[in-house]
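Contents: one structure, followed by commentary.
Chain naming here is simple, since letters A, B, ... match the order of the sequence lines and numbering starts at 1 in each.
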There are 2 protein chains.
Amino acid sequence: MNNHKEAEKRRRERINSHLDHLRTLLPCNSKTDKASLLAKVVQRVKELKQQTSQITDLETVPSETDEITVLSTGTDYEAGGEGRLIFKASLCCEDRSDLIPDLIEILNSLHLKTLKAEMATLGGRTRNVLVVAADKEHSIESIHFLQNSLKSLLDRSTPTDRSKRRRGLDRRLMPLT
Amino acid sequence: MNNHKEAEKRRRERINSHLDHLRTLLPCNSKTDKASLLAKVVQRVKELKQQTSQITDLETVPSETDEITVLSTGTDYEAGGEGRLIFKASLCCEDRSDLIPDLIEILNSLHLKTLKAEMATLGGRTRNVLVVAADKEHSIESIHFLQNSLKSLLDRSTPTDRSKRRRGLDRRLMPLT
DNA sequence: GTTTACACGTGATCC
DNA sequence: TGGATCACGTGTAAA
């Protein structure tokens with residue numbers, strides 16, 4: 001049938017049209033394979049999903065044990081650009097709001113861009129969550145330096161008077177750098 | 001050539017493999033068309049790019065004229081879920097930090113989740129930028145109500161003593177709801 | 001019986 | 001001449 005022939009042609013055009021559209025959304029020229037293109041698409045979707053969930057879903061309830069976590073979880077590619085590394089730092093300890101200025105100073109000195117900063121206190125304990133972006137070149141050092149800085153910040157911390165403990169969740173954002 | 005036949009088969013398998021992978025990343029069953037699937041992928045990539053840039057790129061420098069903007073710019077689909085509407089509210093006016101508690105109260109009453117809240121003051125003027133997510137069902141009403149609330153907040157604002165103007169950029173985040 | 005989507009093999013084209 | 005990719009028309013099976 002002649003109808004069948006053209007129907008199939010329209011189907012191909014439909015699919016290729018979407019593929020061309022995807023080519024414009026990703027860092028790639030118009031001559032990349034279909035397979036390679038789709039591979040990049042898979043990677044990009046994963047990255048973007050991870051990135052948004054990373055910024056959106058923050059665990060803010062303080063735990064009972066002191067902890068510092070700095071984990072790199074996503075890469076922020078801008079079409080054609082070099083890419084920043086996004087990572088999340090969580091600091092959980094006794095409530096010491098006097099440490100905040102030092103924390104800000106650390107972020108400033110590392111040239112980290114704060115995407116989101118959140119602080120929650122509960123029962124005299126506090127959790128700070130920072131989502132920051134670093135230039136890709138110095139990202140590795142930045143992560144380690146940040147981790148060490150947070151560590152020394154905790155060590156400097158003196159035991160808090162437990163009688164000052166309040167109940168109820170007090171949630172607030174911290175100053176940006 | 002028999003080699004050609006199998007090479008082409010491998011190519012098809014490679015492409016279809018990526019397509020199957022994409023099916024697992026999107027809200028769709030294993031039986032959706034290639035064309036429809038790719039259409040969804042295009043849409044999803046656009047959404048995610050917009051969503052991250054929306055949270056990341058915030059215009060924080062206060063302008064000289066009072067302004068309120070509430071614009072819906074992205075939809076946050078979670079696989080299988082219903083989807084939240086993400087929108088950005090910008091409020092630029094004279095420096096009135098006493099209005100912040102009211103602002104928080106507004107966000108609370110609307111059951112809006114604050115993804116990012118930032119406040120910058122410069123030369124006695126201030127700009128507040130809120131990135132919030134609303135349940136899809138009530139998103140439209142929430143947007144309008146938020147807009148009206150911000151409007152009345154500005155109207156309630158009394159002219160500030162201009163002698164209190166400071167120079168220099170003081171950037172800080174506001175309390176979360 | 002018509003439509004729709006898919007896999008297949010083949011010829012063309014480009015390093 | 002090969003190897004890789006693509007568009008094309010056809011056969012087939014499900015809706």
Does a donor on one side chain sit under 3.5 Å from an acceptor on the other, for Lys40(A) and His18(B)? no
Measure across Val45(B) and Leu25(A) and return the closest heavy-atom pair with its distance rounded to 0.1 Å. CG1-CD1, 4.1 Å
Evaluate the side-chain contact (heavy atoms from CB on, under 4.5 Å) criterion for residues Arg11(B) and Lys34(A): first the C-alpha distance (whole Å), next the side-chain angles of each, then the deciding distance (0.1 Å), finally the verdict. CA-CA 10 Å; Arg11(B) 172 177 168 270; Lys34(A) 291 181 182 177; 4.0 Å; yes
Rounded to whole angstrom units, what separation is found between the CG atom of Leu37(A) and the C1' atom of dT5(D)? 14 Å
Please tell me if Lys31(B) has a side-chain N or O lying less than 4.0 Å from either OP1 or OP2 of dA15(D). yes
Pair Leu38(A)-Asp33(A), side-chain contact (heavy atoms from CB on, under 4.5 Å): steps then yes or no: CA-CA 8 Å; Leu38(A) 289 176; Asp33(A) 307 45; over 6 Å; no
Main-chain N/O of Thr32(A) paired with Arg23(A) side-chain donor or acceptor, under 3.5 Å: yes
Run His4(B) and Lys9(B) through side-chain hydrogen bond (donor to acceptor under 3.5 Å, both in side chains) and show every step you take. CA-CA 9 Å; His4(B) 183 38; Lys9(B) 182 172 179 63; over 6 Å; no
Within the pair Lys34(B) and dT4(C), is there a side-chain N or O less than 4.0 Å away from OP1 or OP2? no
Got a sec? Which of residues 4-13 of chain A come in under 4.0 Å of DNA chain D, heavy atoms? His4(A), Lys5(A), Glu8(A), Lys9(A), Arg12(A)
Roughly, in whole Å, what's the span from CD1 in Ile15(A) to C1' in dC6(C)? 9 Å
Closer than 4.0 Å, any side-chain N/O of Asn3(A) to the OP1 or OP2 of dT2(C)? no
